[in-house]
2 protein chains.
Amino acid sequence: MQNSEAMALSAALLAVAGELTQRIHDGVVARGFEGLRPAHGFAFARLTPDGATVTELAAHLGVTKQAASQLVDEIVRKGYAERRPHPADARARLVVLTGRGLACTRAAEEAAADAVRPWAELLGEREIRALQGQLSRIAPYGPVRPAW
Amino acid sequence: MQNSEAMALSAALLAVAGELTQRIHDGVVARGFEGLRPAHGFAFARLTPDGATVTELAAHLGVTKQAASQLVDEIVRKGYAERRPHPADARARLVVLTGRGLACTRAAEEAAADAVRPWAELLGEREIRALQGQLSRIAPYGPVRPAW
DNA sequence: AGAGATGGTCAAGTTGCTTGACTACTGTGA
DNA sequence: TCACAGTAGTCAAGCAACTTGACCATCTCT
């Protein structure tokens, strides 16, 4: 594969990712969950279903634990999560989603489905499955990087 | 398609995009082009091959023209681009890449090829072509959003 | 029990973006 | 032809999300 082809593939992938991010975010806002940024969504994904500590969240997001702590402050203040004492470590605090936080993740799933639907109409259900399979196989295990 | 499936597809896509962004950036740095962020890459893509005005760049990046102007200041100061008088409009200035800027875009293409190569080994050349085709068909025409 | 490692927060500084205000130039219509 | 609304670009100030550095409480290992 030539370099220019790799770049074309990369550009298409990044363009789709940017569009998808924007659509999910817009859909979440449209469902009444305001004051959130896309980075919060990546945090919510790590907090379901069993919660996580600030340090785990920081590793997942690829930021410092101070930044993760500030982000938790924010979603706690807005009622999406709460801090509980950690059952096994008195230093740590377990951050868990509230009912509103869970409702927000469901809204994000709906928004994602809305965003993907036009792809299915364009490519067909079968091709979408193929896309899902391909992406899953090349997806990394490391931290999701919420900024570029 | 269920919401949770759409979310899984979205998560895989965003994870791959994040990883790809990081790898391209690292590859560019490894080839000796420092002091750049991924957002600069999106700008370079718009500046090739014929240059662009600050306002066009701002629209492409989805930011204000002040932010685009600051970004141009930065890449001019670092020797990647230069401002020229616009041939047809005395208000505007045409921002064009220097030789170093072009060399940097070639480095980015090489880095993209390096990043994609392991995918080809995993999926096979044929599947990569399919992926390229699928993504190209669902890629938006609007501004690339360099932040989420 | 003591020493080093780890979880979390407070404080201060950096930076990339925003909004607001302004100048220079364009082009359209009376 | 010339006034005027619109556009290109910059300067300035403010904001918000992140960073680095310092610190205390608690865990873990020997």
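Since the structure is predicted, the reported quantities are computational estimates derived from the model, not experimental observations. In what follows, chains are A, B, ... by sequence order, proteins preceding strands, each numbered from 1. When reading the values below, keep in mind they use all heavy atoms of this one structure, side chains included, and skip hydrogens, waters and symmetry mates.
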Checklist entry - Given atom CG of B/L57 and atom C1' of D/dA8, what is their separation to the nearest angstrom? => result 13 Å
Item to check | Partners passing salt bridge (charged side-chain N to carboxylate O under 4.0 Å, His left out) against A/R91 (at least two apart in sequence or in another chain) | outcome: A/D89
Checklist outcome for this item: Under a 4.0 Å heavy-atom cutoff, the residues of residues 69-83 of chain B touching DNA chain D are B/S69, B/R83
Next on the checklist: Roughly what angle, to 10°, lies between the helix axis at the start of the helix from C/dA1-D/dT30 to C/dA30-D/dT1 and the one at its end, five pairs per end?
Outcome noted: 20°
Next on the checklist: Is there a side-chain contact between B/T53 and the phosphate of D/dA8, meaning an N or O under 4.0 Å from OP1 or OP2?
Outcome noted: no
Next on the checklist: If we ignore hydrogens and angles and just use 3.5 Å, is the side chain of A/T21 paired with the main-chain N or O of A/A17 as donor and acceptor?
Outcome noted: yes
Checklist entry - Given A/H40 and A/H25, is the side chain to side chain contact (heavy atoms under 4.5 Å, CB included) satisfied, shown in steps? => result CA-CA 10 Å; A/H40 293 124; A/H25 181 252; over 6 Å; no
Are there any protein N/O atoms within less than 3.5 Å of an N/O atom in nucleotides 21-28 of chain C, and if so, which ones and at what distance?
| unit_1 | atom_1 | unit_2 | atom_2 | d |
| --- | --- | --- | --- | --- |
| C/dT26 | OP1 | B/A90 | N | 3.2 |

Checklist entry - What are the two closest heavy atoms between A/V63 and A/A68, and how far apart are they? => result CG2-N, 4.1 Å
Checklist entry - Counting only non-hydrogen atoms, which of residues 26-34 of chain A are less than 4.0 Å from DNA chain D? => result none
Item to check | Separation of D/dC18 C1' from A/H40 NE2 (nearest whole Å) | outcome: 13 Å
Checklist entry - Under 3.5 Å, is there a donor-acceptor pair between the side chain of B/E5 and the main chain of B/Q2? => result yes
Checklist entry - Looking at B/R37, does any N or O in its side chain come under 4.0 Å of the phosphate oxygens OP1/OP2 on C/dG16? => result yes
Item to check | Close side-chain approach of B/L47 to B/T105, heavy-atom, < 4.5 Å | outcome: no
Checklist entry - Is it true that A/E82 and A/R100 have a side-chain N and a carboxylate O under 4.0 angstrom from each other? => result no
Next on the checklist: Could you check whether B/E110 pairs with B/R106 (Lys NZ or Arg NE/NH1/NH2 to Asp/Glu carboxylate O, under 4.0 Å)?
Outcome noted: no
Next on the checklist: Taking any heavy-atom pair under 4.0 Å as a contact, classify B/T55: base, sugar-phosphate, or nothing.
Outcome noted: sugar-phosphate
Checklist outcome for this item: Checking B/R93, B/Q66, B/R83 against B/V54 for side chain to side chain contact (heavy atoms under 4.5 Å, CB included), the one that qualifies is B/R83
Next on the checklist: Check this for me: does any side-chain nitrogen of one of B/R117 and B/D114 sit under 4.0 Å from a carboxylate oxygen of the other?
Outcome noted: yes
Next on the checklist: Tell me if a side-chain donor or acceptor on A/T53 pairs with a main-chain N or O of A/L94 at a distance below 3.5 Å.
Outcome noted: no
Next on the checklist: Are B/L36 and A/M7 linked, directly or through intermediate hydrophobic residues, by side-chain heavy-atom contacts shorter than 4.5 Å (ILVMFWY only)?
Outcome noted: no
Item to check | Nearest-Å distance for atom pair NE2/C1', residues A/H86 and C/dG8 | outcome: 13 Å
Checklist outcome for this item: Atom CD of A/E56 and atom C1' of C/dG7 are separated, to the nearest Å, by 10 Å
Checklist entry - Taking only residues two or more places apart in sequence, or in another chain, which ones meet B/A30 in a side chain to side chain contact (heavy atoms under 4.5 Å, CB included)? => result none
